[in-house]
Q: 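One structure is given below, represented as structure tokens, and several questions about it will come after.
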Amino acid sequence: MEIVYVYVKKRSEFGKQCNFSDRQAELNIDIPPNPELATQFVERNPVDTGVQCSASMSEHEANTERFEMETRGVNHVEGGWPKDVNPLELEQTIRFRKKVEKDENYINAIMQLGSIMEHCIKQNNAIDIYQEYFDDEEEVEVMEEAPSAKTINVFRDPQDIKRAATHVSWHPDGHRKLAVAYSCLNFQRAPAGMSHESYIWELENPNRPEIVLKPPSPLVTLEYNPKDSHVLLGGCYNGQIACWDTRKGSLVAELSTIEFSHRDPVYSTIWLQSKTGTECFSASTDGQVMWWDIRKISEPTEVVIMDITRKELLENALGAISLEFESTLPTKFMVGTEQGIVVSCNRKAKTSAEKITCTFSGHHGPIYALQRNPFYPKNFLTVGDWTARIWSEDSRESSIMWTKYHMAYLTDGAWSPVRPAVFFTTKMDGTLDIWDFVFKQCDPALSLKVCDEALFCLRVQDTGCLIACGSQLGTTTLLEVSSGLSTLQRNERNIASSMFERETRREKILEARHREMRLKEKGRAEGKDDDQRADELAVDLQDLVAKAEEEFFSVIFQELKRKETEAMERKAKL
């Protein structure tokens with residue numbers, strides 16, 4: 001469609017007609033330069049001039065032809081019938097079919113089309129384009145690449161007076177945010193003017209925290225609610241429990257009263273699996289574990305005193321440092337104490353004395369980390385003093401596996417959420433150790449120097465790829481591990497399960513032997529034993545250790561032989 005503009009104006013309105021002619025140039029004005037005026041000028045230095053760097057753009061409009069659209073319906077009926085045959089009449093169609101089938105052209109056409117159709121059917125039967133060739137491969141092959149990790153981002157405490165990052169929590173939805181609690185755990189040595197604020201960081205923006213949390217006292221622990229990502233639970237240095245709703249701002253939404261709170265800093269908080277999603281635990285070194293409901297957080301709903309003598313005396317209670325609750329075991333929870341003892345408790349017990357079911361002792365100092373294996377909840381990890389230990393609920397007297405004694409103190413640890421044989425530990429020398437006991441038992445698979453100061457806490461993302469580590473100077477480092485450390489390996493579950501069972505069985509045998517030795521020692525002290533029995537006991541103990549070593553190496557050789565056989569079969573297929 002062409003657009004035409006028409007201008008209408010009378011000739012008399014244009015004015016007198018212009019007549020142009022050629023002539024020589026004329027000089028009208030000539031102003032000579034005046035040197036005296038130059039002294040009156042003021043030089044501008046520097047000179048500010050605006051420059052537009054963007055390209056000049058112009059806007060154009062164009063009219064296009066408009067196409068009118070309409071919707072029409074089409075009725076499909078059975079075709080191919082002559083006009084004199086009604087396809088709705090069954091007798092007429094049968095009569096016409098019999099007539100056509102007797103025709104010679106019909107038979108020839110069927111024979112020609114049949115061979116083409118038969119060829120297409122054979123092609124479909126020969127190759128199934130929708131066939132799944134690798135549906136039986138549930139797990140990927142073992143990665144040949146060396147384990148590695150790299151730093152993705154660093155979040156620094158924006159305050160001038162630096163505080164330690166004491167706890168880290170991942171956002172439950174999408175894992176794009178990180179909540180970090182900051183406090184100074186040195187008793188009565190907190191510097192004057194130290195801020196109480198803690199922060200929620202966006203992973204892609206390390207320069208400024210997204211949300212500032214303002215508690216009444218510095219936060220020692222901070223946890224996201226797994227059912228409501230807007231709600232956070234914090235344990236304060238003064239013993240109070242605080243709750244935030246990020247939709248309402250930075251101020252505390254709910255706060256426990258001082259009279260019913262802990263007497264010492266709250267070192268651990270954990271959300272419980274409940275219908276409302278508002279119930280939680282808190283633990284402190286005052287020897288109390290408290291149940292809370294954040295809808296009425298003014299006072300706890302129940303208190304358990306960590307008195308393993310079952311006398312419920314607060315002066316005999318063990319200081320609680322860490323908590324563990326597994327949703328698949330809703331009646332059980334575990335407490336790690338200052339004295340290096342793990343206390344297993346029963347939530348549904350009728351009396352307070354029955355709530356403490358058993359204890360596990362093996363550390364020389366506080367247990368800073370306590371976590372069940374996500375694949376095998378009967379086995380759990382503890383981190384304290386200079387070692388990390390793996391326990392089984394079936395063996396209470398000693399741990400079934402443990403790391404060597406390190407030169408630096410261990411501060412935190414956690415299992416990998418995707419690999420049952422991998423766990424992480426942090427140390428006071430700023431080192432992050434990644435252990436893979438299927439690959440190596442005596443030393444970590446990867447040891448990484450994260451920073452120069454001490455690492456206080458770590459938390460692993462649910463995908464197993466990202467690790468957040470908090471340091472003594474308030475620096476939170478985000479690390480990404482290699483795919484081999486964050487991907488389930490072939491037969492890893494079976495290997496880890498067999499190792500747990502074998503080590504548990506070995507510890508049970510040794511426990512039985514130790515009990516027998518103690519009984520014999522007692523009998524000998526009472527004059528009921530002689531030197532001959534002691535010699536027999538020593539011989540039996542050596543035989544038992546030799547048998548356990550032989551069983552251990554036989555399992556290892558069988559596994560190596562099976563892997564070699566599988567490798568030879570794969571090469572033969574290729």
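Computed from a predicted model, the values in this text were never measured in an experiment.
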Q: Answer whether the closest heavy-atom distance between the side chains of T476 and C469 falls below 4.5 Å.
A: no

Q: Please tell me whether F424 and W435 form a close aromatic pair, meaning their ring centres lie under 6.0 Å apart.
A: no

Q: Is the number of heavy atoms from other residues, nucleotides or ligands under 6.0 Å of K440 NZ greater than 12?
A: yes

Q: For a salt bridge (Lys or Arg N to Asp or Glu O under 4.0 Å) check, start with the C-alpha distance between E501 and R505, then their side-chain angles and the critical distance, and finish with the verdict.
A: CA-CA 6 Å; E501 291 175 0; R505 188 167 60 251; 5.4 Å; no

Q: Hey, are the side chains of I241 and I297 touching, using non-hydrogen atoms and a 4.5 Å cut-off?
A: yes

Q: Going by atom types alone, do D293 and T278 pair a side-chain donor with an acceptor below 3.5 Å?
A: yes

Q: Taking S392 for the side chain and T504 for the main chain, is one N or O donor matched with an acceptor at less than 3.5 Å?
A: no

Q: Is D103 salt-bridged to K98, cutoff N-O under 4.0 Å?
A: no

Q: Give a yes or no on whether the backbone of S229 and the side-chain of D173 come within a donor-acceptor separation of less than 3.5 Å.
A: no

Q: Please determine whether a side-chain nitrogen of the Lys or Arg among E551 and R502 lies less than 4.0 Å from a carboxylate oxygen of the Asp or Glu.
A: no

Q: Check the angle between the aromatic planes of F500 and Y376 and answer parallel, tilted or perpendicular using the 30° and 60° thresholds.
A: perpendicular

Q: Taking E70 first and then R72, would you say they form a salt bridge - that is, a charged N and a carboxylate O separated by under 4.0 Å?
A: yes

Q: Is the F360-F380 ring centre distance short of 6.0 angstrom?
A: yes

Q: When you compare the side chain of V555 with that of F557, does any pair of heavy atoms fall below 4.5 Å?
A: no

Q: Flag the pair K563 and E566 as a salt bridge only when some basic side-chain nitrogen lies within less than 4.0 angstrom of an acidic carboxylate oxygen.
A: no

Q: Establish, from distance only, whether the side-chain atoms of S282 and W292 form a donor-acceptor pair under 3.5 Å.
A: yes

Q: Nearest 0.5 Å, please: how far is SG in C280 from CH2 in W271?
A: 5.5 Å

Q: Looking at T357 and S344, would you say the former's side chain and the latter's main chain have a donor-acceptor pair under 3.5 Å?
A: yes

Q: To the nearest 0.5 Å, what is the distance between OG on S256 and CE on M290?
A: 8.5 Å

Q: Should E326 and K378 be marked as a salt bridge (Lys or Arg N to Asp or Glu O under 4.0 Å) after you check the CA-CA gap, both sets of side-chain angles, and the distance that decides it?
A: CA-CA 10 Å; E326 174 61 40; K378 274 186 140 185; over 6 Å; no

Q: Measuring from R208:CZ to W201:CH2, what's the distance to the nearest 0.5 Å?
A: 10.5 Å

Q: Are side-chain N/O atoms of D412 and T426 paired as donor and acceptor at under 3.5 Å?
A: no

Q: Keeping the roles fixed (side chain from S497, backbone from N494), state whether a donor-acceptor pair exists under 3.5 Å.
A: no

Q: Is any side-chain N of the basic residue among R95 and E89 closer than 4.0 Å to the acidic one's carboxylate O?
A: no

Q: How far does NZ of K449 sit from OG1 of T431, to the nearest 0.5 angstrom?
A: 4.5 Å

Q: Do you see a donor-acceptor pair shorter than 3.5 Å between the side chains of T382 and W391?
A: yes

Q: With distance as the sole test, does K332 use its side chain to make a donor-acceptor pair with the main-chain N or O of R347 at under 3.5 Å?
A: no

Q: Does any part of the side chain of T151, heavy atoms only, come nearer than 4.5 Å to the side chain of T477, both counted from C-beta?
A: yes

Q: Can you tell me if Q489 uses its side chain to pair, donor with acceptor, with the backbone of G484 under 3.5 Å?
A: yes

Q: Test your reading of the model: is there a side-chain donor-acceptor pair from S115 to the backbone of Q112, 3.5 Å cut-off?
A: yes

Q: Please round to the nearest 0.5 Å and tell me the distance separating atom CG of D436 and atom CG of L446.
A: 11.0 Å

Q: Give a yes or no on whether a salt bridge exists between E503 and K508, defined as a side-chain N under 4.0 angstrom from a carboxylate O.
A: no

Q: Check this for me: does any side-chain nitrogen of one of R295 and E279 sit under 4.0 Å from a carboxylate oxygen of the other?
A: no

Q: Using only atom types and a distance under 3.5 Å, with no angle test, would you say the side chain of S486 pairs donor to acceptor with the backbone of S482?
A: yes

Q: For the rings on W81 and F96, is their centre-to-centre separation under 6.0 Å?
A: yes

Q: Return yes if some donor-acceptor pair links the side-chain N/O of S250 with the main-chain N/O of K214 below 3.5 Å, else return no.
A: no

Q: State whether the side chain of S274 and the backbone N or O of G277 hold a donor-acceptor pair below 3.5 Å, judged by distance alone.
A: yes

Q: Nearest 0.5 Å please: distance from the SG atom of C358 over to the CZ atom of R396.
A: 4.0 Å

Q: Report yes if some heavy atom in the side chain of T166 is under 4.5 Å from a heavy atom in the side chain of C457; otherwise report no.
A: no

